[in-house]
Amino acid sequence: MRKVALLMVIILVIAMPLTVSAAPRALEINPVLDFNGTTAACEVMVIGNDTSEHIEVVMKLMHGTSCVKAWMNDGYGYVYMLTYANVTKGQTYTLRIEVKVNGVAQQPVYINGTC
C-alpha cells in the first residue's frame, strides 16, 4: 500500500507542471525615451496576444501640450518603432504611445525624460 501511495505522489508531481493555462497573455507596450545630445531616441515595442491581431500604434513626442513629432505604424501581432527627433537640452519631454488592437483603443502609455 505504501508503494502505491508513493507512486501516486510521484505521478502527481510529474503531471502538475504539464497543466496549461487558458488565460490569454496581456498586451505588452514597452516604450523607451533616451537622449543623446539634442537628439531624442523614441522607441516602442508592442506585442499582441497572437499574430492575427491588427495592432495600430501612434507614437507622439510631446513637450508640454505641444506635439514635437508624431509617427504611426501598424502590423499583425507585433509592432516595433525606433525614430529620432531634435530636442532642446534641459527640457522635459513625454513620449505618448496610443495603441489600437483590432480597432479597439487601449489605455495610452506615457514615459517622461529630460534631455
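Note that the numbering runs from 1 along the sequence shown for the chain. Keep in mind the model is a prediction, meaning the values are calculated, not measured.
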Y93 side chain to L33 backbone, donor-acceptor under 3.5 Å: no
Check: N102 side chain, H54 main-chain N or O, donor-acceptor pair, under 3.5 Å: yes
Verdict with supporting geometry, V99 and I55, side chain to side chain contact (heavy atoms under 4.5 Å, CB included): CA-CA 7 Å; V99 177; I55 299 172; 4.1 Å; yes
Just wondering, do [Y] and [X] contact through their side chains at under 4.5 Å, heavy atoms?
| X | Y | result |
| --- | --- | --- |
| T88 | T38 | no |
| I111 | V32 | no |
| C115 | Q91 | no |
| Y76 | D50 | no |

Pair T39-V87, side chain to side chain contact (heavy atoms under 4.5 Å, CB included): steps then yes or no: CA-CA 6 Å; T39 301; V87 292; 5.9 Å; no
Closest non-hydrogen atom pair between [X] and [Y], with its separation:
| X | Y | answer |
| --- | --- | --- |
| V68 | N86 | CG1-O, 4.1 Å |
| A40 | L61 | CB-CD2, 4.1 Å |
| F35 | G113 | CE1-C, 3.5 Å |
| M59 | C42 | CE-O, 3.6 Å |

Starting at [atom1] of [X], measure out to [atom2] of [Y] and round the result to the nearest 0.5 Å.
| X | Y | atom1 | atom2 | result |
| --- | --- | --- | --- | --- |
| E43 | D34 | CD | CG | 9.0 Å |
| Y78 | I47 | OH | CD1 | 6.5 Å |
| Q107 | I29 | CD | CD1 | 9.5 Å |
| N73 | Y80 | CG | OH | 11.5 Å |

Single-linkage hydrophobic cluster M45~Y84, side-chain heavy atoms < 4.5 angstrom: yes
Nonpolar side-chain network containing M72, other nodes, edges under 4.5 Å: V58
From L95, T94, N112, residue fulfilling side-chain contact (heavy atoms from CB on, under 4.5 Å) relative to M62: T94
Qualifying salt bridge (charged side-chain N to carboxylate O under 4.0 Å, His left out) pairs, either residue in residues 55-80, two or more places apart: K60-E98
